[in-house]
J.: 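Encoded as structure tokens, here's the structure I'll be asking about.
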Protein chains: 2
Amino acid sequence: MSTIKDVAKEAKVSIATVSLVVHKHNRISAETSKRVNKAIKKLNYHPSRSGRRLVSQKTGNIGFILTDDHFLRSEPFYTRIFLGTEFEARNYEYYILLTTIPSNYDVKDHPPRFILEKNVDGVIIAGKVPVSIISQIEKYNLPIAFVDFYPPSNEYPVVLIDNISGGMAATQFLIKKNHKNIGFIAGDIGHPSIYDRFRGYKMAMDYAGLDFSELNYIVDENYTARENGYNAVKKLLEINNDITAIFACNDAMAIGVVQFLNEKGISIPNDISVIGFDDVEADLSLDPPLSSVRVPKYEMGIEVMKLMADLLKNKDATKKKILVSVELIDRGSVMDLTLKIPMPA
Amino acid sequence: MSTIKDVAKEAKVSIATVSLVVHKHNRISAETSKRVNKAIKKLNYHPSRSGRRLVSQKTGNIGFILTDDHFLRSEPFYTRIFLGTEFEARNYEYYILLTTIPSNYDVKDHPPRFILEKNVDGVIIAGKVPVSIISQIEKYNLPIAFVDFYPPSNEYPVVLIDNISGGMAATQFLIKKNHKNIGFIAGDIGHPSIYDRFRGYKMAMDYAGLDFSELNYIVDENYTARENGYNAVKKLLEINNDITAIFACNDAMAIGVVQFLNEKGISIPNDISVIGFDDVEADLSLDPPLSSVRVPKYEMGIEVMKLMADLLKNKDATKKKILVSVELIDRGSVMDLTLKIPMPA
DNA sequence: TAAAATAAGTTAAACGTTTAACCCAAATTA
DNA sequence: TAATTTGGGTTAAACGTTTAACTTATTTTA
């Protein structure tokens, strides 16, 4: 493979000239430029990263950090975000180095190797991580951007899901189908995303002038997995059997809801409508497939990369917060009550 | 951040000595070593990749290539492989640079940027890729290893699924449960993996002394998606209604089979048993969940990284082929006919 | 016409390592 | 004792770029 020296020799110029041509510096005349470019093509020259890195003190790499937990999640949520980031990184000529950290990362632990070896120009943190890793990275004075995580300070650019409007959209979809007794099922309500979905639900009910009682329509569990959805809907229906529609705070819980209703012979959507949030793969294989609120994971990855690129160009770039919009996906697990023939009394 | 110079000054030795200590070269006395190591700790020194790369002519990176198609697959098959590779790479102090190429990659197209920029020491290719990309990479004289793809020559280390034994295992599992009329459903039989699963099926039937007629038990479609499974089982049951168990060549088709049987009110596993191959997430949300043959994607990623590390150490390393074993996962979609009470005639 | 500005290129230092070649003192050998 | 080996380190070149500072020739200005 040819180096800048080979090109210089071929074009009969100094290596500096070659470099200047490559960087389209205007000090070089058009003819020389042409001659050099011809040599570059002839020798199939591409500047080597290794040389460039050393002198420019830039690696051309971005670190992408997430926890083992998230890394090993069965639903490929963060994986998708990563793929979006990787794709967008090409537009900026960056490479992404992905690594995971233990979810119980401690200040005593080594920071990721790419930080120690100065092998990244910036770091993207995806999902919830221990604060200790953040303070570690701050020590190395690296630009940081977050995606799907509320960072501990306002200093950082961040990409978040617009959970409030998603919660509203799901609820309003049910309201438009003439549902009035709408249950909301939450797991860990302390989680910011879940809480915001709940807020969206409340706002939508409020705007529509629909009454709701927290006692009847919210059921708390500590986690948001399938079994919690199963248990939650069970409790909810025990204390309120007028419910015609259920909005589960995420698809994992929604699937638990579906399992419970199936077992009890309660037909979806004929007896009870169900809508979830996240739009994961598993939704498609339910019968009927689950209506849900799509979270654009790939696009989130793209957005956070854009923020990072901004930040690298201009360290004082505004620390933007981006809320990505969600989209309602109707797959038939919601019944339109307007069309339903009323049962004889 | 401190450099080798800072350490040298601190320890009052030359930078060469620091380097030799870092590399545990035996030319340095124990005392000097200790002094240098103390300085290294004090200054929190870690050799910079950029410096090291340039002189060693090694990047410390491995390229990971797959096609857009595979990259965007809804089932995270190659993603899992990638994650395994990334994880294992840490043990060898390598980073993985992931990139995709168009599935219609042409010789005229640019090779991935990390190749042009000499930013990788070797390349791992995952899944089926156009041969043109392989010959392109060969030009750059980079070590290549394959995973889940039969490379066009014997020159390369490769990690493959042991499809034949998987096909046998699935079939033998059905045979053990006393099934005798076992249908096999294949999509694209021209695909090496599918064909090998079919061979496993045939061998198992043969060993068990069970007769089978290709006309009755094989149904061809061009693809292996859900709708093909749906269509295939429909045709299969039209020409043969003695079948008590169906082995679908992959889970996507198996899910199509399940959908068809559900629609027709044919109970799984009471009327017909079903087993798939791949063990994808969606299997769990079926009712009953699908029994399948688990493919250890993560482990495949690990294995291919090991082969790559071997290859980088020793360019003449044996070009091993590794067949990773699969594992039968029983989730209740198969009925044990031995226990079934015979219907009164 | 002399001085100043400009255009177009070159020189050389620097980035942070690794490592072959070298050096010197002390120990060993003949 | 003189020559040789060994141990323990240092010197300096090299890797492939970028870029500030410099040079030289030409053009512009006063």
Side-chain angles (χ1 to χ4, degrees), chain A residues 1-40 43-61 93 113-121 140, chain B residues 1-40 43-61 93 113-121 140:
Chain A
M1 296 213 50
S2 46
T3 74
I4 199 170
K5 276 186 200 163
D6 305 323
V7 176
K9 200 180 289 173
E10 172 76 22
K12 298 194 194 311
V13 293
S14 72
I15 62 166
T17 303
V18 177
S19 179
L20 293 173
V21 168
V22 167
H23 291 282
K24 302 200 197 331
H25 198 287
N26 62 4
R27 204 190 307 170
I28 307 299
S29 72
E31 316 169 64
T32 311
S33 251
K34 217 158 92 186
R35 206 167 71 249
V36 170
N37 278 318
K38 220 167 94 184
I40 287 177
L43 300 179
N44 190 26
Y45 167 72
H46 290 265
S48 132
R49 278 269 156 177
S50 303
R52 189 172 265 190
R53 282 170 63 124
L54 197 53
V55 63
S56 72
Q57 300 287 76
K58 305 258 168 262
T59 64
N61 297 335
E93 309 234 304
R113 198 166 40 99
F114 55 52
I115 292 179
L116 295 175
E117 290 184 340
K118 305 192 248 317
N119 204 5
V120 293
D121 299 333
Y140 289 87
Chain B
M1 294 213 54
S2 45
T3 72
I4 199 170
K5 276 186 200 164
D6 304 321
V7 176
K9 200 181 291 174
E10 171 77 21
K12 301 192 193 311
V13 292
S14 70
I15 62 164
T17 303
V18 177
S19 180
L20 293 174
V21 168
V22 167
H23 292 281
K24 302 202 198 330
H25 198 287
N26 62 4
R27 206 192 306 170
I28 307 298
S29 73
E31 316 168 65
T32 311
S33 250
K34 219 158 89 186
R35 206 167 70 249
V36 169
N37 278 317
K38 221 167 91 185
I40 287 177
L43 301 178
N44 191 27
Y45 168 72
H46 289 265
S48 132
R49 278 269 156 176
S50 302
R52 189 173 266 188
R53 281 170 65 125
L54 196 54
V55 63
S56 71
Q57 301 287 75
K58 305 260 168 258
T59 66
N61 297 334
E93 310 233 304
R113 196 166 42 98
F114 55 52
I115 292 178
L116 296 175
E117 291 186 338
K118 304 192 248 322
N119 204 5
V120 293
D121 300 333
Y140 289 86

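Note that the structure is predicted; figures quoted are calculated from it, not measured. Any value given below was found using the heavy atoms of this structure, including those in side chains, with hydrogens, waters and symmetry copies removed. The sequence lines fix the lettering, A, B, ..., with proteins before strands; numbering per chain opens at 1.
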J.: A:Lys24 NZ to D:dT19 P: how many Å, rounded?
T.: 15 Å
J.: Could you state the CG-P distance from A:Leu20 to C:dA7, rounded to the nearest angstrom?
T.: 15 Å
J.: Can you measure B:Asp6 atom CG to C:dC15 atom P for me and round it to whole angstrom units?
T.: 11 Å
J.: Nearest-nucleotide wise, let me know which of B:Ala30 and A:Gly51 is further upstream toward the 5' end of DNA chain D.
T.: B:Ala30
J.: Of B:Lys12 and A:Ser50, whose nearest nucleotide on DNA chain D comes first from the 5' end?
T.: B:Lys12
J.: Quickly work out the B:His25 NE2 to C:dA20 C1' distance and round it to whole Å.
T.: 11 Å
J.: For D:dT17, does either OP1 or OP2 sit under 4.0 Å from a side-chain N or O belonging to A:Arg53?
T.: no
J.: Let me know, please, whether B:Ser2 or A:Ile28 comes out on the 5' side of the other along DNA chain C by nearest nucleotide.
T.: A:Ile28
J.: Measure the NZ-OG distance between A:Lys58 and A:Ser56 for me, rounded to the nearest 0.5 Å.
T.: 7.0 Å
J.: Can you tell me if the side-chain N/O atoms of B:Ser19 get under 4.0 Å from OP1 or OP2 in C:dT19?
T.: no
J.: Does C:dG9 have OP1 or OP2 sitting under 4.0 Å from an N or O in the side chain of A:Ser29?
T.: yes
J.: Could you state the NZ-P distance from A:Lys58 to D:dT17, rounded to the nearest angstrom?
T.: 19 Å
J.: Measure from the side chain of B:Arg52, starting at C-beta and using heavy atoms only, and say which of D:dG9, D:dT18, C:dT17 lies closest.
T.: C:dT17
J.: Would you find a donor on one side and an acceptor on the other, under 3.5 Å apart, between the side chain of A:His23 and the backbone of A:His25?
T.: no
J.: How long is the line joining NE2 of B:His23 and P of D:dG9, in whole Å?
T.: 17 Å
J.: Nearest to the side chain of B:Val55, which nucleotide is it out of C:dT19, D:dT17, D:dA14?
T.: D:dA14
J.: Let's see if you can work this out: which of C:dG16, C:dT11, C:dA14 has an atom nearest to the side-chain heavy atoms of A:Leu54?
T.: C:dG16
J.: Kindly indicate, with the supporting measurements, whether the criterion side chain to side chain contact (heavy atoms under 4.5 Å, CB included) is fulfilled by A:Met1 and B:Leu116.
T.: CA-CA 9 Å; A:Met1 296 213 50; B:Leu116 296 175; over 6 Å; no
J.: If you go through the side-chain atoms of A:Arg27, does one of them form a donor-acceptor pair with the base of C:dT6 closer than 3.5 Å?
T.: no
J.: Within this structure, what is the CZ-OG1 distance for the pair B:Arg49 and A:Thr59, rounded to the nearest 0.5 Å?
T.: 11.5 Å
J.: Figure out the NZ/P separation between A:Lys118 and C:dT17, and round it to whole Å.
T.: 6 Å
J.: Counting only side-chain N and O atoms of A:Thr17, is one of them less than 4.0 Å from OP1 or OP2 of C:dG9?
T.: no
J.: Atom NZ in B:Lys118, atom OG1 in A:Thr3: separation rounded to 0.5 Å?
T.: 7.5 Å
J.: Check this one for me: any side-chain N or O of B:Ser48 less than 4.0 Å away from OP1 or OP2 of C:dG16?
T.: no
J.: Need one value for A:Ser56: base, sugar-phosphate or nothing, where a base atom within 4.0 Å counts as base even if backbone is also close, heavy atoms only.
T.: nothing
J.: Is the phosphate of D:dG9, meaning OP1 or OP2, less than 4.0 Å from a side-chain N or O of B:Thr32?
T.: yes
J.: Measure the OG-NZ distance between A:Ser2 and A:Lys9 for me, rounded to the nearest 0.5 Å.
T.: 12.0 Å
J.: Find the distance A:Arg35:CZ to C:dG9:C1' and express it as a whole number of Å.
T.: 11 Å
J.: Please determine whether a side-chain nitrogen or oxygen atom of A:Gln57 lies at a distance below 4.0 Å from atom OP1 or OP2 of C:dG16.
T.: yes
